[in-house]
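Naming: A, B, ... by sequence-line order, numbering from 1 per chain. It should be emphasised that the depicted structure is a prediction, and the values quoted were computed from it without experimental measurement.
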Protein chains: 2
Amino acid sequence: MNRREEIIDVAQRLLEVEGPESLTMRRLADELGIQAPSLYKHVSGKSEIEAALQQRALRQLTEALAGTPDLPALAAAYRRWALAHPRLYELSTRQPLARDRLAPGVEVEAAAAVLRLAGGDLPTARAIWGMAHGLVDLELAGRFPPGADLDEVWRRAVTTFSASRAPDPDGRVGPGAAGRAGG
Amino acid sequence: MNRREEIIDVAQRLLEVEGPESLTMRRLADELGIQAPSLYKHVSGKSEIEAALQQRALRQLTEALAGTPDLPALAAAYRRWALAHPRLYELSTRQPLARDRLAPGVEVEAAAAVLRLAGGDLPTARAIWGMAHGLVDLELAGRFPPGADLDEVWRRAVTTFSASRAPDPDGRVGPGAAGRAGG
DNA sequence: CTCTCATGGCTAACGCTGTTAGCCCAATGG
DNA sequence: CCATTGGGCTAACAGCGTTAGCCATGAGAG
């Protein structure tokens, strides 16, 4: 059990420091001083390692988001974590989630935070989530032109959602203390 | 020259129909009735094929976006194209753009459209772009819960940006030449 | 008509990947 | 004292992208 954790640890370090092309079963084994096939005594395959890393990533991201008082702070924390752990973020996003392996509530927790800050409106919360993910993804993929002022983009993105306090058609308007906080 | 086009054609079909794991040099050669090494007489490597597919994807996406009169139509066209060509969209996004190979103006053109619909404000245009990409990316990766009403999410996203006609704090409502909103 | 040479195939092979089969040693527990 | 099992090992397989080098065909030049 302990060896498994050790394997995941080394895998994370390898991924974050040397990039995904270095996260190889043989390389991983080398780093642990054993042979590649021995890894399979602790782990079912590479995909399990990746799933574990995804789980870690989501947990850490969630923790980084915890306690942010308003939308600007939440957005800033999201972007900050993603830029600090780009490979981990990318890995965690390029997989169908593996909901079964996921510690229950990890994602729900983060989602709840966004939802609260979105004034309780689920579609708005998801739109915000999508925007945050999209901006990070484009930035990490290097798809913005070199000189782009991304701080300003995020500021604009956040203020747009802060300004228009979702006029819910069915009247369920979150009075959301957070609503005005960032405004 | 013609054979090269044929190769890219088959590669696109293979990618779109059977998925990225089937887009293999040997499989591609099989499909063309030749041996894998013969492909290198027309193409420098797999990465060149992928770059060509990325270029095609961006061109087609741009065309799909052309002529959309307003933000809702633009967003709908964006999402529609991405969902119709998921593998192509994914491939085109998981690469640093290959700006050199890109037909000049292809992306700038699309960027200009977004910029115009964003009232000429560059950061807002980029925020919109990020949101559209993020929502599509999350949807394609299957990261929304099964029952999520994504139509509603997009509606909310679009109306949010439509509602708040960016009141720039310093009055800088850029007439902003279409320079480059996209990267 | 012949010679040359580029075009576009071919086979063999290399080094890499994830993964499986099967062996073996050491420690633990009845 | 013996059995079981945990955790290592080597050998090997199939598949990946890619390179080296050989050979047939066809077109243009002398």
Side-chain angles (χ1 to χ4, degrees), chain A residues 1-57 87-88 90-98 100-101, chain B residues 1-57 87-88 90-98 100-101:
Chain A
M1 327 300 175
N2 211 352
R3 203 72 215 262
R4 208 194 97 108
E5 290 300 308
E6 196 181 350
I7 290 175
I8 310 294
D9 284 347
V10 175
Q12 176 171 352
R13 206 201 60 207
L14 219 42
L15 173 67
E16 296 206 75
V17 175
E18 304 198 23
E21 72 281 355
S22 291
L23 184 49
T24 272
M25 296 302 272
R26 282 175 176 81
R27 179 67 201 284
L28 187 50
D30 260 22
E31 217 73 17
L32 287 157
I34 61 177
Q35 293 299 112
S38 300
L39 291 171
Y40 291 80
K41 288 291 162 80
H42 309 277
V43 141
S44 75
K46 192 182 183 182
S47 65
E48 184 183 329
I49 297 177
E50 290 171 336
L53 290 180
Q54 182 191 42
Q55 184 176 343
R56 281 195 182 189
R87 326 277 201 177
L88 215 47
E90 286 173 4
L91 178 73
S92 80
T93 196
R94 314 238 174 294
Q95 275 183 270
L97 225 293
D100 41 341
R101 293 186 194 282
Chain B
M1 327 300 177
N2 210 355
R3 202 73 215 261
R4 209 194 98 106
E5 290 300 309
E6 195 181 350
I7 290 175
I8 309 294
D9 283 347
V10 175
Q12 176 171 352
R13 208 202 58 208
L14 219 42
L15 173 68
E16 294 206 75
V17 174
E18 303 199 23
E21 72 281 354
S22 292
L23 182 50
T24 205
M25 295 301 271
R26 285 175 173 83
R27 178 68 202 282
L28 187 50
D30 260 21
E31 218 73 15
L32 287 157
I34 62 179
Q35 293 298 114
S38 299
L39 291 172
Y40 292 79
K41 288 290 164 75
H42 305 88
V43 141
S44 74
K46 194 183 183 183
S47 66
E48 183 183 329
I49 296 176
E50 290 171 336
L53 290 181
Q54 182 191 44
Q55 183 175 345
R56 280 195 184 188
R87 325 278 200 176
L88 216 47
E90 286 173 4
L91 177 72
S92 82
T93 195
R94 313 237 174 294
Q95 275 185 269
L97 224 312
D100 41 340
R101 294 187 194 282

[atom1] of [X] to [atom2] of [Y]: how many Å apart, nearest 0.5 Å?
X	Y	atom1	atom2	answer
B:Ser38	B:Met25	OG	CE	10.5 Å
A:Leu15	A:Glu21	CG	CD	9.5 Å
B:Arg4	B:Ile49	CZ	CD1	8.5 Å
A:Gln12	A:Ile7	CD	CD1	14.0 Å
B:His42	B:Glu48	NE2	CD	11.5 Å
A:Asp9	A:Leu14	CG	CG	12.0 Å

Is a salt bridge present between A:Glu5 and A:Arg56, judged by a nitrogen-to-oxygen distance below 4.0 Å?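 Salt bridge between A:Glu5 and A:Arg56, a charged N being under 4.0 Å from a carboxylate O: yes.
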Quick test of your reading of the model: are A:Glu6 and A:Arg3 salt-bridged, counting only N-O distances below 4.0 Å?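 Yes, A:Glu6 and A:Arg3 are salt-bridged.
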Using a 4.0 Å cut-off on heavy atoms, which residues in residues 7-19 of chain A reach DNA chain D? List them by number, or say none. none
Taking atom [atom2] of [N] as reference, at what distance in whole Å does atom [atom1] of [X] sit?
X	N	atom1	atom2	value
B:His42	C:dA6	NE2	C1'	12 Å
A:Glu5	D:dG7	CD	C1'	17 Å
A:Glu6	D:dG7	CD	P	12 Å
B:Leu28	D:dC16	CG	C1'	14 Å

List the steps, then state whether side-chain contact (heavy atoms from CB on, under 4.5 Å) holds for B:Leu32 with B:Leu39. CA-CA 9 Å; B:Leu32 287 157; B:Leu39 291 172; 3.9 Å; yes
Kindly indicate, with the supporting measurements, whether the criterion side-chain contact (heavy atoms from CB on, under 4.5 Å) is fulfilled by B:Leu53 and B:Leu23. CA-CA 12 Å; B:Leu53 290 181; B:Leu23 182 50; 4.0 Å; yes
Protein within reach of the bases, or only the backbone? For nucleotides 11-24 of chain C, mark each nucleotide 5' to 3' as B, S or -, using heavy atoms under 4.0 Å. BBB---BBBBB---
Rounded to 10°, the helix from C:dC1-D:dG30 to C:dG30-D:dC1 deviates from straight, judged by its five-pair end axes, by 10°
